[in-house]
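Read through the structure below, which is laid out as structure tokens, and then see the notes.
The figures that follow rest on heavy atoms only: side chains count, while hydrogens, waters and symmetry mates do not. Naming convention: chains lettered A, B, ... in sequence-line order (proteins, then strands); numbering from 1 in each chain.
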Amino acid sequence: MQKVGIHGALYHIMKRLVSPTKNLYPGYLDFLLQKCMKCKALKPGKQVHALLLLTHISFNAKLVGMYASCGNVKSARLVFDEIPNPNVFAVNWMVLASAYNGDFEEAIGYFSLMRDSMKSCNKFTFSIVLKPCVGLLDLKKGKQVHSIVNKMGFESDVSVANALIDMYCKCGHLSYGRRVFDKMVNRDVASWTSMICGYCNTGKIEEAMVLFERIRLEGLEPNDFTWNAMIAGYASRGDTNGAFEIFSRMTGHGLVPDLVTWNAMISGFTQSQRADEAFTLFRAMLVTGVKPNLVTVTGLLPACGLTGSIRRGREIQGWIHRMGLDINVFVGSALIDMYSKCGSVKDARNVFDMIYAKNVASWNAMIGCYGKHGMVDASMELFERMQEEGMQPNEVTFIAVLSACSHGDLVEKGLKIFRSMKETYGVEISKEHYACVVDMLCRSGKMVEAYELVRGMPIEITDSIAGAFFNGCKIHGRRDLAEMMAEERLTMDLKKPGAFVTLSNIYAADGEWHQVENLRNIMKEKNVHKKPGFSWVEKNDTFFEKK
DNA sequence: ATAGGGTTAG
């Protein structure tokens with residue numbers, strides 16, 4: 001409606017322009033720019049820009065705002081650079097637009113332009129500049145902004161305080177966030193929700209619940225953001241009952257679960273390995289008429305991988321295609337991983353080649369896929385190519401690469417990479433990396449080396465490390481090393497079901513049943529339980545009706 | 001004219 005209005009007004013002005021006898025009022029263009037900004041109408045906005053140039057009228061700060069609100073940072077920057085003394089609106093817009101664009105450093109750079117003349121900051125400036133601080137997870141910068149906020153007396157502004165709470169929580173300092181929250185005199189729903197999100201995202205659902213129940217006592221009503229945060233908190237912890245309880249309370253309050261609610265539920269259940277419930281929820285979502293988006297299917301794909309349902313995975317990819325959506329990095333990596341888990345390297349590679357702007361995770365997923373299927377050479381080749389293309393490997397890359405070496409029996413190469421991780425790539429060695437290398441050494445029968453490595457590890461022995469090692473001992477008949485290790489490390493931490501099972505298998509293979517019994521008793525005493533396995537069944541039902 | 005909570009890969 002409003003867009004039609006803008007086009008109509010533009011036509012009117014054009015007509016005036018071609019008849020030189022009539023004047024063009026600057027007020028018209030001003031009004032139009034404002035409209036374009038509000039409606040995020042880039043095309044009419046560009047036309048107004050052209051008219052401004054023709055008539056030599058300059059509304060540069062507003063033009064910056066128009067381009068920025070339309071998400072066209074490049075044009076916004078071009079106009080901005082022409083302004084000799086940009087005002088606070090122009091700067092705020094540039095900070096905001098750069099942050100939206102993911103250029104956090106640049107956003108903070110624009111903020112710094114203003115810092116010398118701090119007086120020109122307004123309350124908007126601070127809530128805006130906290131965005132890139134969160135984007136960079138830069139607590140130090142965030143704290144600096146906080147101190148400027150205090151110095152300039154903006155801490156009593158609810159929006160600024162809320163942004164500070166959010167920043168502290170997201171940068172990992174819940175207690176600072178809580179301090180800001182507690183100091184607030186007037187809180188609104190967003191203040192409560194920001195704090196609740198902080199707790200929910202770090203698994204502190206009990207504390208979130210305490211705040212959640214307090215909201216009403218303060219005379220405020222939780223809104224859909226609040227409900228969704230609580231649901232996501234329970235769901236991502238795998239607490240089905242908790243999530244459903246909030247879910248039904250939400251509907252009891254007359255609120256209808258929206259796309260975000262469903263997405264939170266679905267990805268929460270997938271993350272906690274509850275594939276069937278995730279599928280059921282997805283169907284329920286479709287039944288209620290809420291349309292899925294890329295986030296939905298990104299959350300659902302791991303469930304296909306978990307149950308080996310390649311058919312469902314393919315169906316989802318088909319749906320993405322039919323909806324005319326691009327395969328972004330998130331859904332791309334999820335698809336690669338799903339195909340990998342379902343055994344189709346070819347499909348995985350197809351998806352990999354389709355991702356236009358690959359990120360580390362895309363490369364990791366594909367390298368991992370080749371590794372899992374024993375295609376070491378392809379895996380190594382991709383690892384090389386990734387670096388040639390300027391992509392920095394991260395800790396996950398090395399898990400993929402090392403396990404590929406392990407499965408492909410490339411011990412020397414694997415060890416070389418393992419040793420170069422810290423120095424060459426600056427990546428910390430984690431327990432997962434150790435597990436890969438121990439596995440690699442054991443597979444190739446280098447049991448003494450494996451023994452030395454495990455013994456010298458600066459970290460606690462984990463299930464998979466112990467499992468790989470004891471299994472190696474069993475296969476290569478090194479009960480001596482197994483027992484030495486058991487004495488040295490197992491006694492330190494006894495909650496290792498995997499280790500117990502493999503060790504007891506070693507004894508069982510030699511017919512030493514009294515030792516097996518002995519271990520079983522220790523397991524019982526220490527309350528160590530083996531996780532039950534599950535079967536991989538493909539069901540025939542489909543999600544989407546094909547036309 | 002500009003600001004503040006929610007869902008996504010390994």
Side-chain angles (χ1 to χ4, degrees), chain A residues 30-31 33-38 59 61-66 68-69 87-97 99 122-131 134 154 157-167 169-170 188-198 200-201 222-233 235-236 258-268 270-271 292-302 305 327-338 340 355 358-369 394-400 432:
Chain A
D30 184 49
F31 171 78
L33 260 189
Q34 224 155 293
K35 277 275 180 231
C36 294
M37 208 186 287
K38 209 172 175 185
F59 288 126
K62 248 181 204 157
L63 266 177
V64 170
M66 185 278 293
S69 70
N87 64 11
V88 62
F89 302 115
V91 177
N92 283 356
W93 269 121
M94 286 316 293
V95 178
L96 188 63
N122 60 17
K123 59 179 180 176
F124 296 96
T125 309
F126 298 106
S127 7
I128 292 172
V129 79
L130 284 167
K131 239 180 173 12
V134 171
F154 282 118
D157 185 272
V158 182
S159 297
V160 174
N162 291 352
L164 281 168
I165 295 172
D166 183 53
M167 182 275 295
C169 290
K170 289 199 176 129
D188 62 10
V189 191
S191 325
W192 291 89
T193 310
S194 301
M195 203 58 234
I196 286 173
C197 286
C200 285
N201 292 337
N223 62 14
D224 42 355
F225 283 82
T226 329
W227 289 103
N228 285 343
M230 289 301 297
I231 289 172
S236 59
D258 62 6
L259 180 60
V260 176
T261 318
W262 289 106
N263 287 353
M265 296 274 285
I266 291 170
S267 54
T270 334
Q271 272 165 25
N293 65 359
L294 281 183
V295 177
T296 322
V297 295
T298 306
L300 194 63
L301 280 168
I327 293 190
N328 66 17
V329 281
F330 290 111
V331 82
S333 303
L335 276 169
I336 293 173
D337 198 56
M338 178 277 296
S340 170
I355 307 175
K358 300 177 181 60
N359 68 2
V360 212
S362 328
W363 290 91
N364 291 352
M366 199 58 228
I367 292 173
C369 174
N394 66 6
E395 64 282 358
V396 184
T397 317
F398 286 99
I399 295 172
E432 283 89 359

Which nucleotide sits closest to the side chain of [X]: [options]?
X: A/A61; options: B/dT2, B/dG10, B/dA1; result: B/dA1
X: A/I128; options: B/dT7, B/dT2, B/dG6; result: B/dT2
X: A/N201; options: B/dT7, B/dT8, B/dG5; result: B/dT7
X: A/S194; options: B/dA3, B/dG5, B/dT2; result: B/dG5
X: A/D337; options: B/dG5, B/dG10, B/dA1; result: B/dG10
X: A/K62; options: B/dT7, B/dA3, B/dA1; result: B/dA1
X: A/F124; options: B/dG10, B/dT7, B/dT2; result: B/dT2
X: A/V396; options: B/dT8, B/dT2, B/dG10; result: B/dG10

Give [X] one of three labels, base, sugar-phosphate or nothing, depending on what nucleic acid heavy atoms sit under 4.0 Å from its own.
X: A/V95; result: nothing
X: A/N293; result: nothing
X: A/A190; result: base
X: A/K358; result: nothing
X: A/E432; result: nothing
X: A/V260; result: base
X: A/N328; result: nothing

Would you say A/F225 stacks on B/dG5, if stacking means ring centres under 5.5 Å apart and planes within less than 30 degrees? yes
Would you call A/F89 stacked on B/dT2, i.e. ring centres under 5.5 Å apart with the planes less than 30° off parallel?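 Per 5.5 Å and 30° rule: no stacking.
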Side-chain donor-acceptor contact under 3.5 Å, [X] with [Y]:
X: A/N92; Y: A/N122; value: yes
X: A/T193; Y: A/T226; value: yes
X: A/T261; Y: A/D258; value: yes
X: A/T296; Y: A/N263; value: yes

Answer yes or no: does a side-chain N or O of A/Q271 lie under 4.0 Å from OP1 or OP2 of B/dT8?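 Answer yes for this pair, as a side-chain N or O of A/Q271 is under 4.0 Å from OP1 or OP2.
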Between [N] ([atom2]) and [X] ([atom1]): distance, integer Å:
X: A/K170; N: B/dG5; atom1: NZ; atom2: C1'; answer: 7 Å
X: A/W363; N: B/dG10; atom1: CH2; atom2: P; answer: 18 Å
X: A/N359; N: B/dT8; atom1: CG; atom2: C1'; answer: 12 Å
X: A/L259; N: B/dT8; atom1: CG; atom2: P; answer: 12 Å
X: A/I327; N: B/dT8; atom1: CD1; atom2: C1'; answer: 14 Å
X: A/M37; N: B/dT2; atom1: CE; atom2: C1'; answer: 8 Å
X: A/K123; N: B/dA3; atom1: NZ; atom2: P; answer: 12 Å
X: A/D224; N: B/dT7; atom1: CG; atom2: P; answer: 13 Å

Quick one: does [X] reach the base of [N] with a side-chain donor-acceptor pair under 3.5 Å?
X: A/N122; N: B/dT2; result: yes
X: A/N228; N: B/dG5; result: no
X: A/T193; N: B/dG5; result: yes

Worked check of side chain to side chain contact (heavy atoms under 4.5 Å, CB included) between A/V260 and A/D224: CA-CA 9 Å; A/V260 176; A/D224 42 355; over 6 Å; no
Side chain to side chain contact (heavy atoms under 4.5 Å, CB included) partners for A/T298, two or more places apart: A/F330, A/V331, A/A334
Kindly write out the residues that satisfy side chain to side chain contact (heavy atoms under 4.5 Å, CB included) with A/N394, not counting sequence neighbours, or none if the list is empty.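 Result, side chain to side chain contact (heavy atoms under 4.5 Å, CB included) vs A/N394: A/V360, A/N364, A/V396, A/T397.
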Hey, is B/dG5 sitting syn or anti, using the within-90° cutoff around 0? syn
